[in-house]
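Notes follow once the structure below has been shown.
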Amino acid sequence: MRLGRSIALSSAVLALTAACAAGPADSGASPTAPTPTETATPVAVILPDAPNKLSGADLLARWWNWVASSAEDPRADVDGHLCARGQATDIWFLAGGTDGTATRSCTVPAGVPVAFPVVHRSGLQSGCEDFMKVAKGRATLDGFLALPDRHDPVNVQIKGVAGNPVTKEAGRTLFTSACGLWVQLAPLEPGSHTLSVVGDSGTYKVAVTYKLQVAAS
């Protein structure tokens, strides 16, 4: 289902929520709790997943190799100038964050699913397991809730360019465990969108806002 149709179908729910809710809306089926740093309460409407979602192993392997495809780390991008770097044609990756906050402006192509981490980690399997024990977070697109999928440790193979933030060296192949909470969304409707990603795991905390512009196809 396209995002525009989902929002249109939810209008009755929004009207009922506005008329009856004396307190914050309840997200219901969300498997992850909001972090204390998130102040806005999302509307209790859940966005559809992307059609033909990637498996967890494929998603994490492709995303980590995308991060390693440049010497500049997209997770440290402060304004969105790295958004289009190294993107594929069948899926559009957003970077999430390593730790801390950021606000990024990005142009996203129409007709392409969007995927990103809420919280993520790679390294030893034991470290990933500990990370996932306390990992939580959520994403909202234009105020609508996007439920993250939980991906426990999977083995990935990463090969990057010289100076990349993952393997550091060109030609070096890194075998590691990767894990996290991830969202895969259906292609966004043309126009402007605001995506908020907030999550944490122990002392690791992320709050990233994306100002997304989708051009008409």
Side-chain angles (χ1 to χ4, degrees), residues 1-10 13 27-32 42-70 74-75 82-96 104 106-122 128 132 135 137-160 166 176-197 199 208 210 212-217:
M1 184 185 295
R2 298 292 294 273
L3 175 60
R5 296 192 186 100
S6 174
I7 294 177
L9 289 173
S10 66
V13 178
S27 61
S30 174
T32 54
V43 174
V45 175
I46 299 172
L47 297 175
D49 288 336
N52 304 316
K53 289 199 304 184
L54 296 177
S55 69
D58 286 345
L59 173 65
L60 272 62
R62 288 189 61 179
W63 185 87
W64 277 106
N65 276 278
W66 170 68
V67 172
S69 68
S70 171
R75 299 169 298 171
L82 297 177
C83 282
R85 186 74 56 85
Q87 295 286 357
T89 58
D90 62 330
I91 192 167
W92 191 270
F93 288 128
L94 297 177
R104 302 174 183 142
C106 302
T107 298
V108 178
V112 180
V114 176
F116 56 89
V118 176
V119 293
H120 68 281
R121 180 185 172 91
S122 68
C128 247
M132 293 305 295
R138 66 182 173 193
T140 57
L141 181 68
D142 301 330
F144 296 90
L145 185 65
L147 296 181
D149 295 318
R150 178 187 177 94
H151 293 299
D152 289 315
V154 295
N155 293 326
V156 298
Q157 179 177 332
I158 308 170
K159 188 174 182 178
V166 186
T176 187
S177 289
C179 57
L181 302 176
W182 294 74
V183 173
Q184 297 185 64
L185 290 176
L188 306 183
E189 293 290 340
S192 299
H193 303 277
T194 299
L195 173 68
S196 174
V197 182
V208 180
Y210 280 95
L212 303 177
Q213 186 67 39
V214 182
S217 57

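- The heavy-atom pair separating G199 from V119 by the smallest distance is C-CG1, 3.6 Å.
- Between W182 and W63, the ring planes lie perpendicular to each other; the angle is over 60°, past the 30° to 60° tilted range.
- Residues passing the salt bridge (Lys or Arg N to Asp or Glu O under 4.0 Å) test with R75 are D73, sequence neighbours excluded.
- Here the side chain of N65 pairs a donor or acceptor atom with the backbone of Q157 at under 3.5 angstrom.
- Atom CG of L60 and atom OG of S55 lie 9.0 Å apart (nearest 0.5 Å).
- Nearest heavy-atom pair, V112 versus T89, reported as atom, atom and distance to 0.1 Å: CG2-O, 3.8 Å.
- S192 has its side chain within reach of Q213: a pair of non-hydrogen atoms, C-beta onward, lies under 4.5 Å apart.
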For this session: Just do the side chain to side chain contact (heavy atoms under 4.5 Å, CB included) check on L141 and V183 with the steps written out, would you?
Result: CA-CA 11 Å; L141 181 68; V183 173; over 6 Å; no
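- We find the NE2-CE distance between H151 and M132 to be 9.0 Å, quoted to the nearest 0.5 Å.
- With rounding to the nearest 0.5 Å, the separation of CG in L185 from CH2 in W92 is 15.0 Å.
- In this structure, P113 and P187 approach most closely via the heavy-atom pair N-CG, 3.8 Å.
- With values rounded to the nearest 0.5 angstrom, R121 atom CZ is found 14.0 Å from L181 atom CG.
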Exercise. Yes or no on side chain to side chain contact (heavy atoms under 4.5 Å, CB included) for N155 and S177, after CA distance, side-chain angles and deciding distance?
Worked result: CA-CA 5 Å; N155 293 326; S177 289; 3.5 Å; yes
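- Between F116 and L195, the closest side-chain pair of non-hydrogen atoms falls below 4.5 Å.
- The minimum heavy-atom distance between L54 and Q184, with the atom names listed, is N-OE1, 3.0 Å.
- Across all their heavy atoms, W66 and G86 have their closest contact at CD1-O, 3.3 Å.
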For this session: Kindly indicate, with the supporting measurements, whether the criterion side chain to side chain contact (heavy atoms under 4.5 Å, CB included) is fulfilled by L59 and F93.
Result: CA-CA 10 Å; L59 173 65; F93 288 128; 3.9 Å; yes
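- With sequence neighbours excluded, the residues forming a ring pair (Phe, Tyr, Trp, His ring centres under 6.0 Å) with W64 are H120, listed by chain and number.
- Considering every non-hydrogen atom in both P74 and R104, the closest pair reads O-NH2, 3.6 Å.
- For R62, the salt bridge (Lys or Arg N to Asp or Glu O under 4.0 Å) partners at least two apart in sequence or on another chain are D90.
- The structure places CG of D152 at 8.5 Å from SG of C128, a figure rounded to the nearest 0.5 Å.
- For the side-chain hydrogen bond (donor to acceptor under 3.5 Å, both in side chains) test, residues two or more places apart in sequence or in another chain that qualify with K53 are D49, D149.
- Residues in residues 177-188 take part in no salt bridge (Lys or Arg N to Asp or Glu O under 4.0 Å) pair, two or more places apart or across chains.
- Taking N52 as the reference, nothing meets the side-chain hydrogen bond (donor to acceptor under 3.5 Å, both in side chains) condition, with sequence neighbours excluded.
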Exercise. Please walk me through it: do L212 and C106 pass side chain to side chain contact (heavy atoms under 4.5 Å, CB included)?
Worked result: CA-CA 5 Å; L212 303 177; C106 302; 3.8 Å; yes
